[in-house]
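Numbering of residues begins at 1 and proceeds along the displayed sequence. Predicted, not measured: the structure shown is a model, and the values here were computed from it.
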Amino acid sequence: MSIPRRQLLQLGTLGLGTFFTGKTFASGKKQAAGRKPLVISTWDTGIAANKGAWNVLGKGGRALDAVEQGVMVTENENNCCVGLAANPDRDGFVTLDASIMDEHGNCGSVAFLERVKHPIQVARMVMERTPHVMLVGAGAQQFAVEQGIKLEDGKLSDDAKKTYEEWLKKSEYKPAVNIENTKGTAFAPLRLPNGDWNHDTIGMVAIDANGNLSGSCTTSGMAFKLRGRVGDSPIIGAGLYVDNEIGAATATGLGEEVIKICGSHLVVQYMAQGLHPEEACKKAVEKIIRNKKGDPNLKDTQVGFIAINKQGQYGGYCIQKGFSFAVCYADDKNFMVDGKHML
Ligand code: ASP
């Protein structure tokens, strides 16, 4: 494809790795320039994770390697809400979910996995070394060990232990999510005392210099969930979806609501209709809000989506104020964006 001189000049001023489309999307809006390579990820832990991903993307590496390396940074952070240092389920065990998807539509995931530091690695092994997509619980752990992964001791981190002991004082073992949402049992992503949303996930999507897309998502799930509960993050199409011809999306927040609308797949389908990533995320959020119309728990429910398209454009949208995502497209361009919100 020959690039007109004017666009070549723009490429020169915007720097290598920047790609201008100037395309008008279905919304009628002229969309901003896309960028390649590019990586985006959920919440402020995304800054460090993006850095990890950029170590791969910035050297011309594959998006799949970038999204694995990127979220491993977060899984490693001891003081963070993802990985083994995170809050446990209501029986006091940390159980992890993760998924990964590449540019060929291959995907792998693990759920209800215990004592493994990097569930995203195991998800990739499921994708690349088995004929399956998803392994759960004891079987996922057994597979991890067979692949040479060392099991950790399973003890709670100091922070998680404190939070769990605090939660136990008032614990209510009622299974109904809708009842508990407003009771402060932290099943739903209620606000934490510091005003943050209670969240335990990093979702990441990236496009590499070759224009290939991949995504990853890893989580300890909702704090104090029922034992055995699995959220959206390891469910391909819900917490993560990649279509290399169109775009990639991932989700965070109350996984049950994301699963109900096959959220990330829906976002990608909206992009397939020509919507910009931000508009596509917004449409998926609108769908959740329509589903929950009249539900008093809506005000305590947070879901955020982020997405990129094949042109390297990005966007995010959420239900409530307070969701942000990290965007990185150069060594010195790694910054937070406040997600636009509906309520
Ligand atoms: N979506 C995750 C889940 O429901 C939680 C989160 O995003 O923090 O398991």
Side-chain angles (χ1 to χ4, degrees), residues 1 3-23 25 30-77 80 100-103 120 202-218 242 244 246-250 252 271 276-278 280-281 304-317 323-340:
M1 178 183 89
I3 303 174
R5 189 179 139 71
R6 218 182 88 200
Q7 283 193 22
L8 269 178
L9 287 175
Q10 275 162 336
L11 283 171
T13 45
L14 292 169
L16 279 177
T18 302
F19 178 82
F20 185 78
T21 65
K23 190 170 172 182
F25 279 77
K30 194 92 169 161
Q31 300 297 338
R35 297 179 187 275
K36 292 177 204 169
L38 165 77
V39 56
I40 66 173
S41 55
T42 54
W43 306 105
D44 46 9
T45 46
I47 291 284
N50 282 358
K51 242 185 188 174
W54 191 257
N55 285 340
V56 177
L57 290 177
K59 295 186 186 105
R62 185 179 172 199
L64 179 69
D65 297 323
V67 297
E68 182 188 21
Q69 295 296 317
V71 301
M72 277 172 69
V73 171
T74 321
E75 288 177 340
N76 243 337
E77 279 173 8
C80 170
I100 194 160
M101 194 159 183
D102 76 7
E103 72 272 29
I120 198 67
I202 181 158
M204 174 178 274
V205 285
I207 185 164
D208 61 30
N210 292 323
N212 284 322
L213 296 155
S214 289
S216 60
C217 192
T218 179
V242 176
N244 203 42
I246 297 159
T250 185
T252 183
M271 289 194 285
H276 183 270
E278 182 182 300
C281 292
F305 293 103
I306 60 170
I308 58 179
N309 64 15
K310 191 70 179 167
Q311 286 75 40
Q313 295 170 311
Y314 63 84
Y317 219 93
F323 167 65
S324 56
F325 59 101
V327 176
C328 176
Y329 49 80
D331 282 330
D332 60 346
K333 293 275 184 280
N334 188 12
F335 53 88
M336 294 306 298
V337 174
D338 285 333
K340 291 190 185 159

I need the [X] [atom1] to [Y] [atom2] distance, nearest 0.5 Å.
X: M204; Y: I308; atom1: CE; atom2: CD1; value: 10.5 Å
X: T45; Y: E77; atom1: OG1; atom2: CD; value: 6.5 Å
X: T252; Y: F305; atom1: OG1; atom2: CZ; value: 10.0 Å
X: I202; Y: S216; atom1: CD1; atom2: OG; value: 7.5 Å
X: I120; Y: C217; atom1: CD1; atom2: SG; value: 7.5 Å
X: C281; Y: M271; atom1: SG; atom2: CE; value: 7.0 Å

Can you find a heavy atom in the side chain of [X] that is under 4.5 Å from one in the side chain of [Y]?
X: I40; Y: V205; answer: yes
X: N76; Y: M72; answer: no
X: I306; Y: E278; answer: no
X: D331; Y: W54; answer: yes

When F323 is tested against each of V337, T42, D338 for side chain to side chain contact (heavy atoms under 4.5 Å, CB included), which residue passes?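 For F323, the side chain to side chain contact (heavy atoms under 4.5 Å, CB included) test succeeds with only one of V337, T42, D338, which is T42.
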Can you name the residues that form a side-chain hydrogen bond (donor to acceptor under 3.5 Å, both in side chains) with [X], not counting sequence neighbours?
X: E103; answer: R62
X: D332; answer: none
X: E68; answer: R124

Within the side chain of [X], is there an N or O that forms a donor-acceptor pair under 3.5 Å with the backbone of [Y]?
X: N309; Y: Q311; answer: yes
X: E75; Y: T218; answer: no
X: N244; Y: L213; answer: yes
X: K51; Y: I47; answer: no
X: N334; Y: N50; answer: no

Restricting to non-hydrogen atoms, name the atom on [X] and the atom on [Y] that form the minimum distance, rounded to 0.1 Å.
X: V242; Y: D102; value: CG1-O, 3.8 Å
X: A48; Y: V73; value: O-CG1, 3.8 Å
X: A326; Y: G46; value: CB-C, 3.5 Å
X: A249; Y: A307; value: CB-CB, 4.0 Å
X: R35; Y: L38; value: O-CB, 3.4 Å
X: N212; Y: A63; value: O-CB, 3.4 Å

Test side-chain contact (heavy atoms from CB on, under 4.5 Å) applied to V67 and M101, step by step: CA-CA 9 Å; V67 297; M101 194 159 183; over 6 Å; no
